[in-house]
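Below, chains carry the letters A, B, ... as their sequence lines are ordered, and counting in each starts from 1. The model shown is predicted, which means the values in this text are computed figures rather than measured ones.
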Amino acid sequence: MPELPEVETTRRGIAPHVCGRRIDGLIVRQRRLRWPVPADLGQHLEGRRIDAVGRRGKYLLLSLGTGTLIIHLGMSGSLRILRRPDPPGPHDHIDLLLEDETRLRFTDPRRFGAWLWSAGTAAQHPLLATLGPEPLETGFNAGHLHALARRRRSAVKSFIMNSRVVVGVGNIYANEALFRAGIHPARAAGRISLARYERLVEAIKTVLREAIDQGGTTLRDFVDGEGRPGYFRHNLQVYQRGAQDCPRCGAVIRESRIGQRSSYFCARCQR
DNA sequence: AGAGGTACCTGGCAGC
DNA sequence: TGCTGCCAGGTACCTC
C-alpha cells in the first residue's frame, strides 16, 4: 500500500489531467470498499468542476467548491488517467468520468480503499480531524516527537506509524527511516533522546523526499497516474532484505515482528 | 491514555 | 497439481 510518497506521486500524476475539468459522471461497479461508497456520491460530483487535488497524509482530496471528494488507496489501490474507455478489469471498481472523454479509474484488489464525500472542507471530516502533522512540513520536528513520546513504552516504530503522531509513514518507510537514523525499531518511544529524535526526523523527511523523487515504491500493485511503477524499491536498504548483509556494516539484517508488522533492522547499526 | 488485538479483502507464494 | 496457511504498502474500532 501506498504510503505518503505513493499517494503524493499519484496526486502529482493526476492533478494536471483533472484540475479545472468538469465531472460528467461516476461509475461505481463495486460499492463495498473500506466503507460503502455513498449512494448519492454521484449526485454531489456531477456537473461540478475539480478546483484542486490536495493531499492530507495518505488521503487524496479533490476540491469541488461545494465539498471534497476524499479518496484513500488502502493497501492495494491505485488511480490512473484513461484517455479512452478501456474495458474494466475485475478490480477496476470506480471510474470518474470527466469532460473530453478522460476518466480517472480506481483499481483496488483488496478493497481497503475508500471514496467518501465531505461537505465543506476535508479537515472537518472525522477521518481527518485527529491526524498529526505532515512529515514534510515544519510542524513535524524533534520537539514535537520527543514531547509526544514522554512515558510511552510502545516501540518507536509503532509510534511513528501512528497517524496521530505523524501522518504518511507506513511500514516500508518506518523501517528505512529507523535504519538511517540508527535507532532500533523496538526501542521504547519514551526512551529516546531529543538529539536522536532530531536524527529520526531528518531521516523520515529525507527518505520520503527521495522516494517521491523516484515515483514511490512499487512492490506489487502500485502505479502512478500514467500506469507506471515507482522505482524507489532499488533504494530500500533494509525493507524485505532479511538475512542479507547490512549495506553499512555488513552484519546480517534481522527480521522480526513489531506490532504485527514485519520489521527489518541491523542490530549492530541500530540501538 | 495507551497498548494490543481484530477485522475488513484478494492474491501470491511456500510447503506439503 | 492442488490444497492450506501465511503474508502483504492501512487503519478504524474494540477491549483491557
Categorize [X] for me: base, sugar-phosphate, or nothing, with a 4.0 angstrom heavy-atom threshold over every strand shown.
X         : answer
Asp108(A) : nothing
Phe232(A) : nothing
Phe159(A) : nothing
Leu127(A) : sugar-phosphate
Arg233(A) : nothing

Next on the checklist: Please convert DNA chain C into dot-bracket. A pair counts if it is Watson-Crick or G-U wobble with both distances under 3.5 Å; crossing pairs go in [ ] and bases paired with another strand get |.
Outcome noted: .|||||||.|||||||
Checklist entry - Between Phe222(A) and Arg228(A), is there a cation-pi geometry (under 6.0 Å to ring centre, at most 45° from the normal)? => result no
Checklist entry - By salt bridge (Lys or Arg N to Asp or Glu O under 4.0 Å), which residues pair with Arg153(A), not counting sequence neighbours? => result none
Item to check | Under the salt bridge (Lys or Arg N to Asp or Glu O under 4.0 Å) test, residues paired with Arg12(A) that sit two or more places apart | outcome: Glu8(A)
Could you state the [atom1]-[atom2] distance from [X] to [N], rounded to the nearest angstrom?
X         : N       : atom1 : atom2 : value
Arg164(A) : dC13(C) : CZ    : C1'   : 11 Å
Ile160(A) : dG10(C) : CD1   : P     : 12 Å
His72(A)  : dC9(B)  : NE2   : P     : 17 Å
Trp35(A)  : dA7(B)  : CH2   : P     : 17 Å
Arg32(A)  : dC8(B)  : CZ    : P     : 10 Å

Please set out all donor-acceptor pairs under 3.5 angstrom arising from side-chain atoms of residues 155-168 of chain A, sequence neighbours excluded.
| from | atom 1 | to | atom 2 | distance (Å) |
| --- | --- | --- | --- | --- |
| Lys157(A) | NZ | Asn171(A) | OD1 | 2.6 |
| Lys157(A) | NZ | Ser263(A) | OG | 2.9 |
| Asn162(A) | OD1 | Arg164(A) | N | 2.9 |

Checklist entry - Which letter, B, S or -, goes with each nucleotide of nucleotides 10-15 of chain B from 5' to 3', with contact meaning a protein heavy atom under 4.0 Å? => result BSS---
Item to check | Letter per nucleotide, 5' to 3', of nucleotides 1-6 of chain B [B base touched, S only sugar-phosphate touched, - untouched; heavy atoms, 4.0 Å] | outcome: -SS-BB
Scan for ring pair (Phe, Tyr, Trp, His ring centres under 6.0 Å) pairs involving [range], sequence neighbours excluded, and state none if there are none.
range                       : result
residues 237-271 of chain A : His184(A)-Phe265(A), Tyr239(A)-Tyr264(A)
residues 62-82 of chain A   : Tyr59(A)-His72(A)
residues 116-142 of chain A : His44(A)-Trp117(A)
residues 83-111 of chain A  : Phe106(A)-Trp115(A)

Item to check | Phosphate contact (dA12(C) OP1 or OP2) by Arg34(A) side-chain N/O below 4.0 Å | outcome: no
Item to check | Earlier contact from the 5' end, DNA chain C, for Gln240(A) and Thr130(A) | outcome: Gln240(A)
Next on the checklist: Distance check, P atoms only: dC7(C) and dG5(B), in whole angstrom units.
Outcome noted: 14 Å
Item to check | Partner residues of Pro36(A) under the side-chain contact (heavy atoms from CB on, under 4.5 Å) criterion, sequence neighbours left out | outcome: none
Checklist outcome for this item: Result for salt bridge (charged side-chain N to carboxylate O under 4.0 Å, His left out) between Glu134(A) and one of Arg56(A), Lys205(A), Lys58(A) points to Arg56(A)
Checklist outcome for this item: Apart from Tyr231(A) itself, members of its ILVMFWY cluster (side-chain separation under 4.5 Å) are none
Item to check | Charged N-O contact under 4.0 Å between Asp95(A) and Arg29(A) | outcome: yes
